[in-house]
Every structure is written in structure tokens, then in C-alpha cells.
Number of protein chains: 4
Amino acid sequence: MTILVTGFEPFDGETVNPALEAARRLHGMSLGGHQVTALELPCVFGASIARLQQAMAELQPDIVVCIGQAGGVPCLEVERVAINVDDARIPDNAGRQPIDEPVIAGGPAAYFSGLPIKSIVAALTAAGIPAAVSQTAGTYVCNHIFYGLSHLVATHHPHVRGGFIHIPYLPEQAARHAGAASMALDTVIAGLKIVLQTTVAVTKDAKLQGGQTH
Amino acid sequence: MTILVTGFEPFDGETVNPALEAARRLHGMSLGGHQVTALELPCVFGASIARLQQAMAELQPDIVVCIGQAGGVPCLEVERVAINVDDARIPDNAGRQPIDEPVIAGGPAAYFSGLPIKSIVAALTAAGIPAAVSQTAGTYVCNHIFYGLSHLVATHHPHVRGGFIHIPYLPEQAARHAGAASMALDTVIAGLKIVLQTTVAVTKDAKLQGGQTH
Amino acid sequence: MTILVTGFEPFDGETVNPALEAARRLHGMSLGGHQVTALELPCVFGASIARLQQAMAELQPDIVVCIGQAGGVPCLEVERVAINVDDARIPDNAGRQPIDEPVIAGGPAAYFSGLPIKSIVAALTAAGIPAAVSQTAGTYVCNHIFYGLSHLVATHHPHVRGGFIHIPYLPEQAARHAGAASMALDTVIAGLKIVLQTTVAVTKDAKLQGGQTH
Amino acid sequence: MTILVTGFEPFDGETVNPALEAARRLHGMSLGGHQVTALELPCVFGASIARLQQAMAELQPDIVVCIGQAGGVPCLEVERVAINVDDARIPDNAGRQPIDEPVIAGGPAAYFSGLPIKSIVAALTAAGIPAAVSQTAGTYVCNHIFYGLSHLVATHHPHVRGGFIHIPYLPEQAARHAGAASMALDTVIAGLKIVLQTTVAVTKDAKLQGGQTH
């Protein structure tokens, strides 16, 4: 199988994006015989989806995992659902700040992840890597690409399994944000390998609790 | 217009549910000439939607606002989206604990709120009542009824505007949960009146930022 | 007995200070025959202690409870200990921002509260008012007055029992601070009455757990 | 100079204590010609101080840094002050759970750290390691040994400079505690080396803001 992982360029005043660092480190790896290709995405509404669409057309991957920075979270967050709305708290890297616009006009309200999210969280925590299911990917460029990916799968790549993982700040980022949690890049890489290996291995997700009361 | 507000019975070991207390206090009120009726819902998957369906058939309301307790949150959370999944961290009041089952088999992945959520948050904070847009209503009975309500609107009550509001613990509940925020019932009631009045008054929501980066 | 309660003027850009609002509402009350007098303090290093010293000399109170705003906390925090250091994150209302200066040069490193802090927290939570022991009053003007009060007691008013209570934002303040908890003024007042009544009634504090592992 | 670092055995149901793991990794290192010796301490009131007292008598160290686990915190916390109270939320490893007992009967209310805490935090964050000054070390065995160490310095080892550092969970611990932050052991080790090097190098602490308003 061919695996595509994506990471965004830095945004929100950061000089590094742990998602991009992680994607670069995964690039070229072979996981159980499955080749990993990394793609850098602009942190820009619209252009990020266009870039992903082009890469998927060229590479024809079997699995696509988009990765994004979630500044402040303490663990790998395996996203459950992408929603069809852009509502930007800060401008994107092209200066656009949409409010309550659809990611894809006429698209469904949401898509659920195509990854085995419960199996992934179980494999991560069993391996000693902090992880949780997340019920929202926000309404910024991360949710945007997650929705865009899901829509591409639904409309053009029906055999692709895809989803989104949020990751913490690196320690050097958290050192400048009082009270923010972080995760070492080596831990993130180890975790993302498990994400990919579990996605390769598990086609029917486990029935494991991963919900929240509110 | 006729307004229906719903609140759940107590759950998760609590002896009181602030949503039900609030709904009872709103029952019978006239807001600008619009009558408010309150409905108690069982904190039970399935049965809660059945009870709501019956009440909507009888009352034929114009506006339906479901209210639920979000233990620990500091403010009124105006929910943006309901998703088609039940994933229960704790059993409901009938002892059922579904994992990754759809609320409505064959329903769309999600519904967006029918309330003017940005206008509501703006009106609440202008009135000095802490409030925010929330991007997830969880995966428990609160999200369940929000999705069920939205599906009833989409399939049987096209003229109804409906949505969901999460509210904090009451102080007397928070006194038994170390570190939990709370809100006085009078403040909650004042806030919910503003929610209803804004819903009556605003049919086209304002374009105001209310998103999150993750 | 004569009871003195103090509250600070607004600081940090706020137009109201819940501690001062609460003190004003308590002023003139008789609690079990014990008269309450309120005193407004400037939010200024040094001048606040001078003002308190003058008031204690004039009023000769038996009990002194200083009250301060702790923006963001969810409950009444009954402070355990005052430390002999000023380390200001923001300037005080006179523009001074001391770093690592003693409150009282030559004073002891700390003073423990003279209030029955465990009995107070027990009485508050029994009454349904969220409360906890706090192990730090910070290093700003609140800790400053708490230390100054304790030093006045130790050096000039040996029969006075005194301490410090931190209180949350009012709802109207929290409405402007995303994610901040709050407490209604009526709940704060009800809580502070219990603080004072318990202080009058209990001279030997109860042995109740109120600590933290870190 | 001779440097002594201490770490506690696991407690609170954990099978590992990151403080002990870190101390073991530092044992035998030479930092700029200064030898580091590690000491394991029982997580027991009283016995931990006795063990430290014995080791200090034997080793006659110039610098003593005690390290402890602060489950849930996101960064290295450089403790400012130790207070003379034991108030245990959970029993220690010998089953004792003191409430409001002095660490040292007749000792002063508190001791300030003998480490250059501001310089340490500045050096850590400059090196990209998340760190902050903490105004409370709690009231459990960590604060107990910090106070005990400070009292030994004050009464028997006037030339020793000593203090306390709280460190986060390891990732493998946080994987079992939903929502808890963590730090990789390599990052912790890198940070503790900076703590020791800064302590060796800096005898007069920098005037840098590190306080809190409450």
C-alpha cells in the first residue's frame, strides 16, 4: 500500500510546525513494506485542499493521514469527525479569515474519519504514548483539510482510507507558551508510526469507548 | 410563537439536573408574547427522542431549545453541531451504554444548529453572562437529543428552529466536585431567556467569529 | 466581636472588583451580634498595608478577613499561607512592579492563616458553596496584604484572628474572559457570611484533609 | 563541587517515578568537573528526611537538588518555597497520612529555595525546555523533603545550596491518565543538567518576573 502523510507549514507566529517536522521524518520510510510519502501543505484555506487533491491524483495513495498542530493539547488526538464549516479565530497564512463559510459548498454537514480511531488510540496507549479520541478538529485549516480530504475520498477516491491526527507543541514551542503541554518529536514519530501501522492492519475498527458526555 | 424547552432528569449520580431546574422555571413564562412550555426528558438513549417527538407532535412548537448539563464547564455553551453517533462514557439512566452506534441509522453524519448561535453568544456576553460557541456536544445523551431534534426538524417539522445549549453545574453540585466551575440558577435563567428572545428576534445569524483552531 | 473585612479597588483593567463589591454588601451587617465593618484598600504595594494598619488601630477588630479577586478560579479559595515576597506579574495601581522584594524586610518567610481554614471549607461545601483550601495566595498585592495583616497580628494585635479569601470573577467579568469561571455575587456573599460565622464560632480548627500532592 | 540529587521511589499506584529515573541517569555524571551523586528516597514522611540527613552527613555535598513527580503538570516547576506543614491527600508508602502536622516541630513557617530559581527558569526556557517558577510545592512528601532539606541547610549545612524541582509524568504514565501532560525522560534529563549547571554558575539570582497574581 502507498501511504501519504501531510503536515502544514508553520502558522500563528510559530517558526516550526511539529506536524511538518514529523511528516518529513516519516517521508521515505517503509512500514511493513508500505512506503510513506510526505507532503507539505500551505496553512491556507482552499489552497491546502487543492494541493492535497493534486498529490492524491499523482500518487494514488491507499491511506492518507493529515497531521496538524494543536497548540496546548497534551496527547495525540485522533479526530473523529470533520465538519463543513470554516470559522477562523486567526487569519490563515494568506491573510484570509473566513467566518461560517462551508469548506465545500453543497457538501454534507460532516464526514466521519476513515481511520480505525478506536484501534489507533488503543494501540498508542498500549505502547505508552498518550492519545485520545477527539470529538472536534476545530473550525480552522486543520478541520478544513480533514473535511477536504474526506470529500475527496467520498467523491473521487472511494478506496482510500483517510483521517486526521492533532499533535501537541514540541517542547521548544511550549517553552514560550506558559502552561502549554508538549511532546518530544521522537515520541510523536513513534506514535505516528503506530497510527499508520494500525491503519494498515485494521480495516474494521474495534468497539471501544472513546466518547464524552459533553 | 410557541417555544418548547427541554431538560433532562438527573444523571451520573447527581440528584439534580440544572437543565431540568431551568426548564421548570421557564415553563409558563411569556417572552414578548411567546409562550414557553417545558418538557422533562429521560436521560435515556432512544426514549428521550421518542418523548420529544411526541411532544413536538402535540405542541407544534415554532422553536425548540434542548438544554443539558455539562459538568465542569464555566459558561453557557451554544452548540454548533450534532453528530450521528452514540458513544457513551457512562451508562444512561436505563443502563444502556452504546458505543459507536448511529443516533438515527441512515441519517446524515451531522446537523448544524438551527439557532442563531453567534447572535446568541453576542447577546449573552453583552448582557454579562459568560457564553461561548461549542464545536462539540459530546457523544452522550445530550448530543443524541440534539441530533434527534435536528432530524425531526429535517424530516417532519421543516419550519421549526431548534438547537442545544449546555449549561454548567449549579454551585451546590460543584461544591462536591473539586475544581469544577458552576453558575447560579438565576444567571442560567437570565441567560436562557436571552437565548430564547434572540432566537425569536434573529432569523439570519450574525457573521461573528466563534471558531477554534483545534 | 468586631469584624473587619477588606476588599481591593479594581485592578488589571477591570472596572469592578468582586472583593470590594462583596465587602460593601457585608458592611454594617450584624452576624450573630457581631458587627461587620468594610474597608476599601488600594491595589498598591505598601499603601494597602498602611491603610489596613490605620484601620486596625482605629477599629481594634477581633477578626480581620481580607478578600481578593482571583480571576479564573471556580470557587472560594481559603488561603493557607502568606509568603514574604512581592513578585508582580503586572504593575500595581500606582505603577510599581516589584520583583523578589520582601513584603516586610526582616520578617519571617511566611505566616499561616489565623482562620480555621478547614472548618471554613467544610462549612462552605456543606452549604453548597464551592470552596477549597489554597496553598498559595500568589505573589501580588493579595499575598502582600495577607502577609502584611499576619505581620500586624504577630507584632501589634496578638488577639486578632485574620486571614485571606480569594474569590472568583463575577459573571459579568467572566463574560469578557473566554474560559474563565465565575460566581454570582449573592453566592459569594452567602459564602463570606459562612466564613465569618465559622471564624467566630471555631477557635480550634478541625483536622480535615485539605492538602495537595504538588 | 559535589552535587547530590534525590528522587523518590514510585507512589500513588505508579510503577515508575520519573524523578528517580532522572536521578539514576544523572548519577555519576560530571558536569563541568562537578560530580553528581544520586540518592533514592522513600516516599515516606519522616524517613525520607532521615535518609537525606544521613546522605548529606556522609557526602558533604555543596549543592542538593531534590526532584519529585508532579503528575499532570506540563513543565519543569522550579519551587520557590517550602512550608512547614504535612497535609496528605493520600497515604505515603508507609501508610501514614498526616493532616496539618509540622514537618519540623518548632521550625519556621517556611523556607525559600536556595537555588537561583529565576536564572534556572530563564536558562531552561532559553534552551527550549518548558519551565516555570511554582509558588507551592504542595503539602505532601515533596514539600516535606524540600522543607526538611532547607531545615538541614539552615541548621547543619550553612554552605549548602539546595532546592526542589517538580517534573511531569513520563509519556508512558500519562498514557494511563486521560488529559495529563508529560515530558520525555531525555528532555527531563537535559533540563536537570541545566538546573545543576545554572546552580553551579549562578550564586546571585537574576531579577526576573516569576510571580502570580493569585
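Each chain gets a letter, A, B and so on, in the order its sequence line appears, and its residues count up from 1. Computed from a predicted model, the values in this text were never measured in an experiment.
For Leu208(C), the part sitting under 4.5 Å from any heavy atom of chain D is the backbone (N, CA, C, O) and nothing else. For Ala88(C), the part lying near chain D is the backbone, with the side chain staying farther off; criterion is any non-hydrogen pair under 4.5 Å. Asn143(C) does not touch chain D: none of its heavy atoms, backbone or side chain, sits under 4.5 Å away. In this structure, chain C has a heavy atom under 4.5 Å from the backbone of Ala137(D), while its side chain stays farther away.
Contact tally against chain D (heavy-atom pairs below 4.5 Å) for Ser134(C), Pro108(C), Gly138(C): the top residue is Gly138(C). The candidate with the highest count of non-hydrogen atom pairs below 4.5 Å against chain C, out of Val85(D), Val81(D), Ile90(D), is Val85(D). Chosen from Val141(D), Asp86(D), Ile99(D), the residue pairing most often with chain C at heavy-atom distances under 4.5 Å is Ile99(D). The candidate with the highest count of non-hydrogen atom pairs below 4.5 Å against chain D, out of Asp205(C), Asn84(C), Val133(C), is Asn84(C). Ranked by non-hydrogen atom pairs under 4.5 Å with chain D, the options Gly71(C), Gly72(C), Gly68(C), Pro98(C) are led by Gly71(C).
Between the side chain of Asp87(D) and the main chain of Gly210(C), a donor-acceptor pair closer than 3.5 Å is present.
His214(C) places none of its side-chain heavy atoms less than 4.5 Å from the side chain of Glu79(D). Put simply, the side chain of Arg80(D) does not reach to within 4.5 Å of the side chain of Thr136(C), judged on heavy atoms.
Heavy atoms only, all atoms of each residue included: Tyr111(C) and Ala109(D) are closest at N-CB, 4.4 Å. Between Lys207(C) and Glu101(D), the closest heavy-atom pair is NZ-CG, 3.7 Å. In plain terms, the two heavy atoms of Thr213(C) and Cys142(D) that are nearest each other are O-CB, 4.4 Å.
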